[in-house]
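What follows is one structure encoded as structure tokens, with my remarks underneath.
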Amino acid sequence: MKRICLFPRLQSAIRRSGVPGILVLLLTSGPGAAAQPAVTTERLLEEMTDLPGLAAFPQPAYTCKQFSSYDRKSKSPSEPDWFANGDAGHFLGVETNGGRAEFVMMDAPGPGAVVRVWSANPAGIIRIYLDGAAEPVLAAPMTDLLGGKFPGLPRPIAGEYSKGWNLYFPIPYARSCKITSDKGGFYYHVNYRTYEAGTPVETFQASQIESLAQSLQQLAARLESPGSQPSRGQAEPFDLSLAPGRSVQREFQGPLAFSRIALRVDAANREAALRGIIVRASFDGEACVEAPLGDFFGSGPGLNPFSTLPLEMTAGGELRSRWFMPFKESAVIELVNHSSEDAAITGELTLEDYAWTERSLHFHAKWRAQWDVPTRPMIDWNYLAADGRGVFAGVSFTIDNPVRAWWGEGDEKIYVDGESFPSTFGTGTEDYYGYAWCWPGLFTHAYHSQSRCDGPGNYGRTSVNRFHLLDRIPFQKSIKFDMELWHWNERCRVNLGVMAYWYAAPGGRDAFAPVAARDAVVRPLPPYQPFRVEGAIEGESMRVIKADGGVTPQEWDGLSNDRHLWWHQGVKPGGALVLGFPAPAAGVYRVYARFMKARDYGIHQLSINGQAIDRPMDFYEPEVQMTVEALLGEFRLTKENNELVVKAVGINPQAKPACMFGLDYVRLKPLANNPD
């Protein structure tokens with residue numbers, strides 16, 4: 001295919017301008033330059049929005065790892081507990097300080113810096129001790145520090161997003177850092193850098209929150225409006241048509257860097273076009289980008305508005321990239337239309353002058369999909385496997401889920417430079433993406449978003465992303481990122497797709513296969529239909545004859561009709577619930593039922609039409625779960641009016657002081673020799 005140069009006027013204008021400025025000064029300051037200044041809180045704040053900085057290997061060098069509350073039974077892929085899921089309440093230890101117990105979340109030598117703290121259920125007073133000090137540099141309710149309520153650290157530097165609590169305030173330390181809470185039992189992540197020995201680090205002081213107030217206010221405004229930063233360089237528009245089966249290619253001569261791409265795709269079926277048009281890019285002769293066009297921009301399938309620092313989709317249909325993509329000699333961008341849609345693509349490209357150095361890295365972005373993946377046995381599903389020297393910068397992920405049950409109990413596992421055990425081991429897929437509790441609510445933040453979740457519950461298509469700026473992960477030789485496929489439903493199949501974004505020195509390799517035309521499609525997903533147990537009389541549909549306390553339906557994934565009857569408000573021993581239900585005809589029936597159990601459910605005696613079942617049933621369980629279907633016994637029923645009586649008779653000693661009850665359904669089976 002003939003290669004033509006796009007925007008030759010723009011390229012020459014950039015070279016004439018000579019405006020590399022601070023960026024070029026930063027990128028050309030190699031190991032032989034002046035001694036490195038100290039790592040400070042102020043410098044780390046600047047890194048939080050420095051997208052061009054991703055394109056240079058860090059100097060001074062550091063690693064980025066994670067402490068978390070992951071289930072400690074997970075020790076090896078060869079052992080049965082590798083997918084253990086009790087991921088709350090695990091700590092490095094418990095210490096006594098000032099007469100109080102403190103649960104240790106992090107304890108690491110310096111020089112280093114804390115770069116992210118997350119929790120699903122923050123608890124207690126969090127204390128941060130630096131350089132061996134007896135008193136913490138910060139002490140605050142964890143909900144305040146992670147929730148954007150601590151003075152001087154507002155949203156979105158910290159905040160709760162779809163039930164996930166995130167703090168993105170850097171805390172550097174010269175010799176050591178310990179983080180504790182005086183309450184346990186919660187989920188947590190602490191991401192931290194460890195710099196190479198001898199790196200000068202200025203340890204954080206609490207007074208800096210006030211002295212850096214103006215910088216923090218500017219940072220908060222920048223994170224709140226990720227696209228507000230004016231673009232440098234010069235931009236020119238483009239306008240092209242791309243018929244099915246056709247391609248277009250453009251070549252650029254370096255050294256330059258793409259700093260902004262904004263485009264719009266118009267087609268009769270835009271969702272199909274955004275998945276079916278493949279974007280490829282090579283930098284200096286290396287194949288670095290290959291992905292469906294829409295997925296490249298951070299969400300899919302289709303147009304799902306969100307706004308992060310590197311990527312954005314607007315409600316008006318514009319796709320925006322602010323990834324910094326330098327090249328030394330040449331770049332080639334190609335679009336191939338595998339869809340059946342005629343597409344009109346309009347937009348603009350912005351390029352900047354660039355000075356390539358020995359620290360410079362190429363931008364990489366690649367996509368893979370896998371269809372009809374069974375949910376059992378559990379697997380580690382690979383997001384990225386790459387060799388070479390570089391920096392991991394984030395992912396976007398899509399899933400087609402055929403049930404409303406939660407699909408993301410799986411933990412992230414990131415191995416750097418050949419580690420036998422991951423130095424980043426998480427607590428759940430949604431936790432990695434910065435939210436929690438499988439919450440379906442959409443949100444957007446400068447570093448992460450959930451831009452699509454069809455529902456009901458977690459049914460349908462979901463799209464999430466997370467981008468690593470302050471918490472970028474450098475690697476010298478290799479990186480492997482796996483995410484557990486850990487679905488609540490053991491007998492369904494899901495479709496998975498991932499976009500990985502990273503930077504690598506020339507010569508880096510990855511394990512991504514070329515995107516096949518058969519994968520560049522949006523597979524049909526039928527409208528949601530709740531599962532129903534055949535012959536079930538749903539608890540929530542039964543007639544409430546009497547209730548000592550409140551009775552309402554409650555939704556719960558996996559139940560027949562996705563809900564159960566919930567007797568909850570004011571339930572005490574001695575209270576009763578009476579439910580009415582019909583039978584197909586008068587006669588004797590075996591009666592089966594399924595219930596809910598939880599830590600605040602009671603002990604109940606059940607009877608049908610005055611005939612009690614053998615013994616009271618204890619519905620206490622530490623975690624919420626449904627029971628297996630139970631045979632209650634044989635009962636004589638009338639056609640129209642039968643009564644199920646539930647009498648609260650006690651509370652398990654381990655239970656919370658409550659006596660609730662939940663009924664999924666009752667199922668009737670007539671006796672074969674029914675005398676009636």
Side-chain angles (χ1 to χ4, degrees), residues 71 73-74 77 79-87 368-383 397-413 427-430 437-440 452-464 482-498 519 522-540 554-564 592-598 621-631 662-667 669:
D71 193 323
K73 292 194 296 291
S74 301
E79 297 184 9
D81 285 330
W82 183 236
F83 298 101
N85 192 45
D87 291 323
R368 69 176 288 248
Q370 188 175 353
W371 311 103
D372 299 319
V373 183
T375 54
R376 292 296 185 276
M378 296 177 191
I379 60 171
D380 287 325
W381 197 74
N382 184 247
Y383 275 15
F397 173 76
T398 61
I399 183 170
D400 295 347
N401 185 29
V403 296
R404 60 178 289 157
W406 177 231
W407 49 264
E409 285 293 323
D411 306 335
E412 78 271 20
K413 300 167 180 174
T427 57
T429 308
E430 80 274 46
W437 305 115
C438 55
W439 201 251
R452 180 170 183 173
C453 185
D454 293 352
N458 287 284
Y459 173 82
R461 306 189 200 280
T462 293
S463 185
V464 291
D482 291 337
M483 183 69 78
E484 296 174 349
L485 176 56
W486 206 123
H487 200 300
W488 281 359
N489 188 303
E490 299 181 2
R491 296 180 297 277
C492 71
R493 293 175 178 265
V494 294
N495 301 327
L496 306 172
V498 68
D519 290 332
V522 180
R523 294 200 172 188
L525 201 60
Y528 178 73
Q529 293 292 333
F531 167 75
R532 293 176 184 265
V533 172
E534 185 176 358
I537 301 172
E538 303 293 346
E540 67 276 6
Q554 185 183 45
E555 293 192 350
W556 194 263
D557 294 331
L559 296 175
S560 181
N561 199 36
D562 293 336
R563 64 192 66 195
H564 67 279
Y592 300 84
R594 187 163 70 179
F595 307 92
M596 293 293 288
K597 286 188 171 185
E621 192 70 33
E623 300 291 335
V624 180
Q625 61 180 259
M626 67 188 80
T627 69
V628 296
E629 186 180 78
L631 173 63
L663 172 65
D664 184 10
Y665 64 84
V666 167
R667 187 172 65 85
K669 184 177 181 181

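In this text the structure is predicted, and so the values were computed from the model without any measurement.
Residues satisfying the ring-ring contact (aromatic ring centres under 6.0 Å, His included) criterion with W437, sequence neighbours excluded, are Y187. Qualifying ring-ring contact (aromatic ring centres under 6.0 Å, His included) partners for Y459, counting only residues two or more places apart in sequence or in other chains: Y528. Listed by chain and number, the residues in a side chain to side chain donor-acceptor pair (under 3.5 Å) with K669 amount to none (sequence neighbours excluded). Applying the side-chain contact (heavy atoms from CB on, under 4.5 Å) test to A369 and every residue at least two apart in sequence or in another chain returns W367, W371. Applying the salt bridge (Lys or Arg N to Asp or Glu O under 4.0 Å) test to D664 and every residue at least two apart in sequence or in another chain returns R594. For W406, the side-chain contact (heavy atoms from CB on, under 4.5 Å) partners two or more places apart in sequence, or in a different chain, are E409, E430, Y435, C438, N458, W488. Applying the ring-ring contact (aromatic ring centres under 6.0 Å, His included) test to F531 and every residue at least two apart in sequence or in another chain returns nothing. Residues meeting the side chain to side chain donor-acceptor pair (under 3.5 Å) test with T427, sequence neighbours left out: H189, D431. Under the rule for a side-chain contact (heavy atoms from CB on, under 4.5 Å), the partners of A84 that lie at least two apart in sequence or sit in another chain are D71, K73, S74, D81. Every ring-ring contact (aromatic ring centres under 6.0 Å, His included) that Y383 has, sequence neighbours left out, goes to F397, F481. Take E555 and apply the salt bridge (Lys or Arg N to Asp or Glu O under 4.0 Å) test, not counting sequence neighbours, and it matches R404, R563.
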Atom pairs and distances, side-chain donor-acceptor, residues 372-381, under 3.5 Å, sequence neighbours left out:
residue	atom	partner	partner atom	Å
D372	OD2	R523	NH1	3.4
T375	OG1	N489	O	2.8
T375	OG1	E490	O	3.4
T375	OG1	C492	N	3.4
T375	OG1	C492	O	3.2
R376	NH1	H487	O	3.1
R376	NH2	H487	O	2.9
D380	OD1	K413	NZ	3.0
D380	OD2	W82	NE1	2.9
W381	NE1	Q370	OE1	2.6

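Rounded to the nearest 0.5 Å, atoms OH (Y665) and CG (N561) are 12.5 Å apart.
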